[in-house]
There are 2 protein chains.
Amino acid sequence: MEHQNDTRSRILTTGRRLTAQQGYTGVGLSTLLKEAGIPKGSFYHYFASKEAYGCALLSEFMTEYSHRLNASLAHPDMNARSRLLTYFEGWREKQLSPHLEDRCLVVKLSAEVADLSENMSNILQKGVSDIVAHLTKTIEQGQNEGTIASIENPQTLAEMIYHMWLGASLVASISHSAAALNSAMDATKVLVPAP
Amino acid sequence: MEHQNDTRSRILTTGRRLTAQQGYTGVGLSTLLKEAGIPKGSFYHYFASKEAYGCALLSEFMTEYSHRLNASLAHPDMNARSRLLTYFEGWREKQLSPHLEDRCLVVKLSAEVADLSENMSNILQKGVSDIVAHLTKTIEQGQNEGTIASIENPQTLAEMIYHMWLGASLVASISHSAAALNSAMDATKVLVPAP
DNA sequence: AGGCTCCATTAGACCGGTCGTCTATGGATG
DNA sequence: CATCCATAGACGACCGGTCTAATGGAGCCT
């Protein structure tokens, strides 16, 4: 009862690494399983189809992400504005990291998956809503505690900043450069001004 | 000398339509050529490889896009701010259009291509720089002619807005909804305020 | 006009990979 | 020893990008 979860999560972990580099369609079952050192027969014991595996991959990623986000945005020793900026610093670092598996799957897979799998799209979409909701809440807190100026509706602001970071990550990835992410970081500081 | 270009551009046109839906890896040569009604053997007469075809596809798209952008941002009967807003209205419409082939290939392909083909990445990246440069120039004009308030550096503002639209397009595509794009439209009006 | 060359174009073979299925075997548990 | 979850990996049918060998028609020479 332990072993089976080992195998399953080994597939998922390896899958995340490969998928973060080569995309969903780009990673075939053979490649994935060979890399994970798991025989093909096992795959269909744990997953009903490649799409089901894709959904599991995304679900797990979004769950973990949400936990880390929660922790990061709930840090007790910082004010809301600092917590927000720290989160985005973390985003930048991850996106530039040599560990490809750290990169955000929303950035990597959204476009590919949108017209491919309704189920996978839904998972991504729900994850995105969650993230934006968290950001909105933090901005609200900042406005209430007075570390963020109330010049804008928190929800609108959160969406805007999140969208900007997604786009900046896209541009950073095609230009193999940190410039777009640095520019997003600067913009974020301006958009979320200290009073 | 005519026929060969016919065939070539037929491949490219069909390719754009299919790729806008299914991505680069997602469209195989057989599918593409069958759809275009062109025999498989011909492909390598017109393109050295699938990557070369991908580059041609992207180059052509970016060139056309740049032309339309130029026209749109140079419209004589509007002030700079209106031209800018009209461009983004156009973006929204295209992204929501039932004609899938109208959708922006920067949105669709950036993530997929970034770790796949250096050449294709470069074409996208150059295209993006061009677009941002155009937007920057228009914002500058607006600030000079007094239709856009000078509260921000034009270049920074242009990047920020463009990134936001890329991200919003991504979110719109996974949620199969116009909400993210509408939100981006609203945000754009706020970010580029009339004085 | 007839023959010939040349080269753009194409047919289709090629090999390796794709996803998914299925049977046969392990090995632990009761 | 019987049961059953988990593993093993062969297999099918099909699709991936690439390349070589053949076709056919336009243009030139005699």
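So you know, we letter chains A, B, ... as the sequences are listed, proteins then strands, and number each from 1. Both backbone and side-chain heavy atoms feed into the values below; hydrogens, waters and symmetry mates do not.
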How long is the line joining [atom1] of [X] and [atom2] of [N], in whole Å?
X: B:F43; N: C:dG12; atom1: CZ; atom2: C1'; value: 17 Å
X: B:I11; N: C:dT9; atom1: CD1; atom2: C1'; value: 12 Å
X: A:R8; N: D:dT7; atom1: CZ; atom2: C1'; value: 17 Å
X: A:L32; N: C:dG17; atom1: CG; atom2: P; value: 15 Å
X: B:K50; N: D:dC19; atom1: NZ; atom2: C1'; value: 18 Å
X: A:Y46; N: C:dG20; atom1: OH; atom2: C1'; value: 18 Å
X: A:L33; N: D:dA10; atom1: CG; atom2: C1'; value: 15 Å
X: B:L29; N: D:dG16; atom1: CG; atom2: P; value: 8 Å

Quiz: residues 124-132 of chain B side-chain donor-acceptor pairs under 3.5 angstrom, not counting sequence neighbours:
unit_1, atom_1, unit_2, atom_2, d
B:K126, NZ, B:D130, OD2, 3.4
B:S129, OG, B:Q125, O, 3.0

Which protein N or O atoms sit under 3.5 Å from an N or O of nucleotides 22-27 of chain C?
none

Quick check on [N]: is either OP1 or OP2 less than 4.0 Å from any side-chain nitrogen or oxygen of [X]?
X: A:T7; N: D:dT7; value: yes
X: A:T31; N: C:dT18; value: yes
X: B:S30; N: D:dG16; value: yes
X: B:H45; N: C:dT9; value: yes

| query | Can you name the salt bridge (Lys or Arg N to Asp or Glu O under 4.0 Å) partners of B:E89, sequence neighbours left out? | reply | B:R92
| field | Set of salt bridge (Lys or Arg N to Asp or Glu O under 4.0 Å) partners for A:E93, sequence neighbours left out | value |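 Partners of A:E93 by the salt bridge (Lys or Arg N to Asp or Glu O under 4.0 Å) criterion come out as none, since no residue qualifies.
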| With a 4.5 Å heavy-atom cut-off, do A:M164 and A:T188 have their side chains touching? |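 Contact flag for A:M164/A:T188 side chains = yes.
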| message | Taking A:M78's backbone N and O only, do any of them form a donor-acceptor pair with A:S82's side chain (distance below 3.5 Å, no angle check)? | response |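 Such a contact is absent between A:S82 side chain and A:M78 backbone.
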| B:T13: partners by side chain to side chain contact (heavy atoms under 4.5 Å, CB included), with sequence neighbours left out | none
| note | A:A133 meets the side chain to side chain contact (heavy atoms under 4.5 Å, CB included) criterion, sequence neighbours left out, with none
For residues 29-37 of chain A, which side-chain N or O atoms pair as donor and acceptor with protein atoms under 3.5 Å away, sequence neighbours left out?
unit_1, atom_1, unit_2, atom_2, d
A:E35, OE2, A:R17, NH1, 3.3
A:E35, OE2, A:R17, NH2, 3.4

Could you tabulate the donor-acceptor pairs under 3.5 Å formed by side-chain atoms of residues 49-56 of chain B, not counting sequence neighbours?
unit_1, atom_1, unit_2, atom_2, d
B:S49, OG, B:E51, N, 3.3
B:S49, OG, B:A52, N, 3.1
B:K50, NZ, B:Y24, O, 3.0
B:K50, NZ, B:V27, O, 3.0
B:E51, OE2, B:S117, OG, 2.5
B:E51, OE2, B:N119, ND2, 3.3

| request: If a pair satisfies salt bridge (charged side-chain N to carboxylate O under 4.0 Å, His left out) and one of its residues is in residues 64-83 of chain B, list it, with sequence neighbours excluded. | output: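 For residues 64-83 of chain B, and leaving out neighbouring residues, the salt bridge (charged side-chain N to carboxylate O under 4.0 Å, His left out) pairs sorted by first residue read B:R16-B:E64.
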| field | Qualifying residues under ring pair (Phe, Tyr, Trp, His ring centres under 6.0 Å), relative to A:Y65, sequence neighbours excluded | value |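 A:Y65 satisfies ring pair (Phe, Tyr, Trp, His ring centres under 6.0 Å) with A:F61 once adjacent residues are dropped.
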| request: Using five pairs at either end of the helix from C:dA1-D:dT30 to C:dG30-D:dC1, determine the angle between the two local helix axes and round it to 10 degrees. | output: 20°
| Sorted by number, the residues of residues 13-27 of chain B with heavy-atom contact under 4.0 Å to DNA chain C | none
| request: May I ask you to check whether A:Y162 and A:W91 place their ring centers less than 6.0 Å from one another? | output: yes
